[in-house]
Asker: 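Quick one: structure below, then a few questions.
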Amino acid sequence: KKNQRDEMLETYAEVEKLAAAESAADVNNYWGHADLVVSRYALGKAELAAEVLDRAIQIAPLESPYMLEGLQGTLEDLTKVLKPEKLPALQEAIQRIKDEQIKREELLKIRRAEEAKQTGAMPKVESETGS
């Protein structure tokens, strides 16, 4: 956020090493995978980042949308400091997360409706703001 690109990239090189070890040690560690996604996009390793993004999405709990929202926000922050040639892959990743969030919202609505039907309760309706 201070627009110190070189220092940021040095930090992300360290983050990549740590996050790779973390995610390898625990394949269900969402935060390790998310850190690996961000660091690899920052370092211009888009293909490797996309592979890890798929895993991060897979292990992110359906009931915890804030996890993917946080990852999306961090990637959006990166778009403000990375060089233009790195942006298309990053924007594709952001869109992938947005699409997944829409899909998950629909799945949650269906699940809640089914649960309400089984219990005879009215389904919980959330406002457009998500609250």
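Fair warning: this is a prediction, and the values are worked out from it, not measured in the lab. Heads up: numbering here begins at 1 and tracks the sequence.
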Asker: Salt-bridged, Glu115 to Arg112, with N to O below 4.0 Å?
Answerer: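 Between Arg112 and Glu115 there is no salt bridge, as every charged N stays at least 4.0 Å from the carboxylate O atoms.
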
Asker: What are the two closest non-hydrogen atoms of Leu78 and Val38, and how far apart are they?
Answerer: CD1-O, 3.7 Å

Asker: Strictly by side-chain hydrogen bond (donor to acceptor under 3.5 Å, both in side chains), give each pair with a member in residues 30-42 just once, sequence neighbours left out.
Answerer: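 As it turns out, the side-chain hydrogen bond (donor to acceptor under 3.5 Å, both in side chains) pairs with a partner in residues 30-42, which skip direct neighbours, are Glu16-Arg40.
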
Asker: In chain order, what residues pass the salt bridge (charged side-chain N to carboxylate O under 4.0 Å, His left out) check against Lys98, with sequence neighbours excluded?
Answerer: none

Asker: If the condition is side-chain contact (heavy atoms from CB on, under 4.5 Å), which residues does Thr11 pass it with, not counting sequence neighbours?
Answerer: Val15

Asker: Test of understanding: with salt bridge (charged side-chain N to carboxylate O under 4.0 Å, His left out), list the residues that count as partners of Arg104, not counting sequence neighbours.
Answerer: Glu100

Asker: For residues 18-26, which side-chain N or O atoms pair as donor and acceptor with protein atoms under 3.5 Å away, sequence neighbours left out?
Answerer:
| residue | atom | partner | partner atom | Å |
| --- | --- | --- | --- | --- |
| Glu22 | OE1 | Asn29 | ND2 | 3.3 |
| Ser23 | OG | Ala19 | O | 3.0 |
| Ser23 | OG | Ala20 | O | 3.3 |
| Asp26 | OD1 | Asn28 | N | 3.0 |

Asker: Examine Met67 and Leu62 and state if one hydrophobic cluster contains both, with Ile, Leu, Val, Met, Phe, Trp and Tyr joined whenever side-chain heavy atoms are less than 4.5 Å apart.
Answerer: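 No; tracing contacts between hydrophobic side chains, which count when under 4.5 Å, never links both residues.
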
Asker: Could you go through Glu106 and Lys109, starting from their C-alpha distance and side-chain angles, then the distance that decides it, and tell me whether this counts as side chain to side chain contact (heavy atoms under 4.5 Å, CB included)?
Answerer: CA-CA 5 Å; Glu106 291 302 314; Lys109 285 179 189 176; 3.6 Å; yes

Asker: Taking only residues at least two apart or on different chains, which pairs with a member in residues 57-74 satisfy salt bridge (charged side-chain N to carboxylate O under 4.0 Å, His left out)?
Answerer: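 Residue pairs passing salt bridge (charged side-chain N to carboxylate O under 4.0 Å, His left out), neighbours aside: Glu63-Arg111.
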
Asker: For atom CD of Glu47, is the number of surrounding heavy atoms from other residues, nucleotides or ligands below 6.0 Å larger than 12?
Answerer: no

Asker: Which residues satisfy the side-chain hydrogen bond (donor to acceptor under 3.5 Å, both in side chains) test with Glu76, sequence neighbours excluded?
Answerer: Gln72

Asker: Who pairs with Gln58 by side-chain hydrogen bond (donor to acceptor under 3.5 Å, both in side chains), at least two apart in sequence or on another chain?
Answerer: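 Arg55.
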
Asker: Under the side-chain hydrogen bond (donor to acceptor under 3.5 Å, both in side chains) test, which residues partner Glu51, sequence neighbours left out?
Answerer: none

Asker: Heavy atoms only: give me the nearest Leu9-Ala42 pair and the separation to one decimal.
Answerer: CD2-O, 3.2 Å

Asker: Between Leu107 and Ile97, is there a shared hydrophobic cluster once you connect ILVMFWY residues whose side-chain heavy atoms come closer than 4.5 Å?
Answerer: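 Different clusters.
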
Asker: Does any non-hydrogen side-chain atom of Leu53 lie less than 4.5 Å from one of Leu71?
Answerer: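 Yes - at least one pair of side-chain heavy atoms lies under 4.5 Å apart.
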
Asker: With sequence neighbours left out, write down each residue that passes salt bridge (charged side-chain N to carboxylate O under 4.0 Å, His left out) with Asp99, or none if nothing qualifies.
Answerer: none

Asker: Would you mind checking if Lys17 and Glu14 are paired as a salt bridge, meaning a charged N to carboxylate O distance below 4.0 Å?
Answerer: yes

Asker: In chain order, what residues pass the salt bridge (charged side-chain N to carboxylate O under 4.0 Å, His left out) check against Glu85, with sequence neighbours excluded?
Answerer: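 Once residues adjacent in sequence are excluded, Glu85 has no partner under the salt bridge (charged side-chain N to carboxylate O under 4.0 Å, His left out) criterion.
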
